[in-house]
Amino acid sequence: GSSLLTGPEGLMAKERENLKRLKCLRRYRQRYGVEALLHRQLRERRVLATDGAAQQAHTTRSSQRCLAFVDDVRCSNPSLPLARHCLAHICQDTNQTLFKLCQGSEEVPCNKPVPVSLSEEPCCPLHLRLPPQMYVPEQGLAVPQELGAAPSELYLSAAELQPTESLPLEFSD
């Protein structure tokens, strides 16, 4: 754009106006001073947030830890996303509706949190009741008569299997 000003033939009024517009458009939406500094800091924070948790912070904040207490000691596990408890203690939160405790069986009670799915009584994999088997295999397989009694002339005797001198060695086995 600056080379147009120094041309030997000069510029007409309309060309000068177009050149001013072009220069203004080059600077349009560029940040200067404090605004540029704040924008660069914002971009750096966004990159750190999207790169992963390893670069983001070294320790877990207290708001990301589970709020449950076990034997008067606070649980050190990280909490579930958008929750205040970890997976082991999520059922202590009375407002949540996504998890229920596994009922277990009469012999072995179980209190593991299980996500609520389409069933009314969710169970952990240990206490899951399988549906009845739909396919029942037949009790005995019947062997056809023609396969059961094979003719003996199909088999070679031990004398016939011995190598002979008429065959080369590679064919004797």
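Computed from heavy atoms alone, side chains included, the values below leave out hydrogens, waters and symmetry copies.
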Tell me the closest heavy-atom pair linking Gln96 and Cys91, and the distance in Å.
NE2-CA, 3.8 Å

What residue among Cys123, Pro113, Pro122 forms side-chain contact (heavy atoms from CB on, under 4.5 Å) with Cys102?
Cys123

Determine, step by step, whether Cys66 and Arg74 satisfy the side-chain contact (heavy atoms from CB on, under 4.5 Å) criterion, reporting the C-alpha distance in whole Å, the side-chain angles of both residues, the deciding distance to 0.1 Å, and the verdict.
CA-CA 8 Å; Cys66 179; Arg74 185 172 176 184; over 6 Å; no

Mind checking side-chain contact (heavy atoms from CB on, under 4.5 Å) for Leu37 and listing every partner two or more places apart, or none if nothing turns up?
Arg40, Gln41

Set of side-chain contact (heavy atoms from CB on, under 4.5 Å) partners for Leu87, sequence neighbours left out:
Leu80, Phe99

Closest non-hydrogen atom pair between Val116 and Thr97, with its separation:
CG2-O, 4.1 Å

Residues forming a side-chain contact (heavy atoms from CB on, under 4.5 Å) with Gln103, sequence neighbours excluded:
none

Between atom CD1 of Ile90 and atom OG of Ser79, what is the distance when rounded to the nearest 0.5 Å?
8.5 Å

Hey, could you give me the CE/CD distance between Met12 and Glu17, rounded to the nearest 0.5 Å?
13.5 Å

Inter-residue atom distance His127.NE2 - Glu107.CD, 0.5 Å rounding:
8.5 Å

CD (Gln92) and NE2 (His85) are apart, to the nearest 0.5 Å, by 5.5 Å

Under a 4.5 Å cut-off applied to non-hydrogen side-chain atoms, are Arg31 and Leu38 in contact?
no

Measuring from Asn18:CG to Lys20:NZ, what's the distance to the nearest 0.5 Å?
11.5 Å

